[in-house]
Amino acid sequence: MAAAGTVPALSGLAKRLVQDGIIDEEVAHTSLEESAQQKIPFVTLLVQKKLADSNRIAMSASDEFGVPLFDLAAMDNEAQPQEIIKDALIRQHHILPLFHRGNRLYIAVSDPTNLQALDEIKFHTGINTESILAEEDKLAAAIEHYLDQQDDTLDDLGDTDLDDLDIEGGDEKEDEQDDKGVDEAPIVRFVNKILLDAIKMGASDIHFEPYEKTYRIRFRADGILQEVARPPINLSARLAARLKVMSRMDISERRIPQDGRIKLKISKTRAIDFRVNTLPTLFGEKIVLRILDPDSAKLGIDKLGYEEEQKKLFMDALGQPQGMILVTGPTGSGKTVSLYTGLNILNTPQTNISTAEDPVEINLEGINQVHVNHKVGLDFSTALRSFLRQDPDVVMVGEIRDKETGEIAIKAAQTGHLVLSTLHTNSAPETLTRLRNMGIPSFNIATSVTLIIAQRLARRLCPHCKKVLDIPKEALLEAGYKEEQIPELSLYGPVGCSKCNEGYKGRVGIYEVMKITETIGRIIMEEGNSIQIGEQALAEGFPNLRISGLKKAADGVTSLEEVNRVTSGH
């Protein structure tokens, strides 16, 4: 410790600069003292106050400490690592990330004696850090350019007029997490804008997808994915962090998939739920949001696209005190909306309704909804057993996946309960053989299942711009139309206008609604296959998916191209 009244001896870079005659000893002492007071680097202060030449300082430092001198003018800006060091740390320590090679990060510094900066950056990034010397004036300009470039990127993306939205997280435990990068106003505005744009477009899903050199955002609208934005790849981590904070996920966990929910209140009377899932990919986390609009469950049966006879069959089955209604089709075919529409019809003060779902997609007032949780042993069969002790009238099981769930559901349907559920099969007849393949006895299937609905969703032609197509007779016959239908047939195709999306607007259901009649029941009990069941259903006047689709095209609701897309193989 220096004695009172004495000036401490110079050391490090200041000592070398005095020895080389770049600054005198008095300037060195006052500059060191001032830089400590102002909390800015010693070299920065010297150059800002024009007390020393930037190039001469760099040459002396390189000589003294054996650190290579790098010309920042020769730097490849695209090769610079992004999102690896927080902006606040870059400004605080006056450093610039240059290259990231394996587990080694190279940063540009103007003062190689600033070891605290290297230690702190290594601590925050978990990467071994090495310094490369740069001239102070060039380094300062490069840092400002680097930070401004990122800010400009965000400002271009943001919508400055976008109102603040009321956002609530899902059911996960709320963590008090401090991550400055996720609450930046431009990122918040951009994510809010994407969510609102998706809702306005009527999208069902939003995909946030990072790749090696690009980042894209896609909406699934009317069943088709389309790209809507390409934000810079350096925003990947910040976008992911923002979405994870909104959905109450652990933002520090990037190695395993996570699930969460977001509730977006877009007005006093309307809120939209998003189901959120993250997936670690090679170049970051892909995040998909499923948009769950409660209004879709209240569309009413008339808007779903059932033909009159099909609608009557569905309503008759819903009016029965017991039995099983099964809805089948691939993911995204509208099964959930069909089930919720049925539940809304049944939802009266006199009826006790319980549902087991994985996950609960739309909250319905007056219905007891259970979220299946396999981690704690609450699966479909466990929930279903419990329902039967809760005096139910109607039970909905999200999906029959195994023999145990199927047997309990069928037992419930045979003992005075109306059961609704789904299966993943391609057609109504295949649903019956699938249940049998699970190990459920044919007699139980035939006596409990009352109605099966197989469905697909086709894009609806825009009424403002659709045009009549001239299709050869041979092609119409090959598509499945009958000879006598062709003279009166007018098929339409998409055009595209300002009111639609490439000639289509909205979607319509194509259905195969098959009632289990006495004859079909007998075929089931005789172990008949799906082809025999399908032939009998057609003979009894239950059109299959293909025939229903062709009728939708003949009515001008959709195009033959769409019918071919969603009913191929039927």
Donor-acceptor pairs under 3.5 angstrom involving side-chain atoms of residues 464-473: please list them, not counting sequence neighbours.
{"from": "Lys466", "atom 1": "NZ", "to": "Gly556", "atom 2": "O", "distance (Å)": "2.8"}
{"from": "Lys473", "atom 1": "NZ", "to": "Glu483", "atom 2": "OE2", "distance (Å)": "2.4"}

Arg230 and Arg216, any side-chain heavy atoms less than 4.5 Å apart |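 Of all side-chain heavy-atom pairs linking Arg230 with Arg216, at least one is under 4.5 Å.
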Is the count of non-hydrogen atoms from other residues, nucleotides or ligands lying under 6.0 Å from [X] atom [atom1] greater than 12?
X      : atom1 : answer
Ile531 : CD1   : no
Glu478 : CD    : no
Glu253 : CD    : yes
Phe443 : CZ    : no

To the nearest 0.5 Å, tell me how far Lys244 NZ sits from Leu239 CG.
->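 Here the interatomic distance stands at 12.5 Å.
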Interatomic distance, NE2@His424 vs OG1@Thr431, rounded to 0.5 Å, equals 11.0 Å
Evaluate side-chain hydrogen bond (donor to acceptor under 3.5 Å, both in side chains) for Asp402 paired with Thr405, printing each intermediate quantity in order.
-> CA-CA 6 Å; Asp402 52 51; Thr405 307; 2.8 Å; yes
Can you say whether the rings of Tyr511 and Tyr306 are parallel (under 30°), tilted (30 to 60°) or perpendicular (over 60°)?
->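 Parallel.
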Using only heavy-atom distances, determine whether the side chains of Glu527 and Ser442 contain a donor-acceptor pair under 3.5 Å.
->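 Side chains of Glu527 and Ser442: pair found under 3.5 Å.
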Are side-chain N/O atoms of Glu430 and Ser427 paired as donor and acceptor at under 3.5 Å?
->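 There is such a pair between these side chains.
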How close do Thr328 and Leu423 get, heavy atom to heavy atom, and via which atoms?
-> OG1-O, 3.0 Å
Distance-only check: which donor-acceptor pairs under 3.5 Å involve side-chain atoms of residues 497-504, not counting sequence neighbours?
{"from": "Tyr504", "atom 1": "OH", "to": "Ser559", "atom 2": "OG", "distance (Å)": "2.8"}

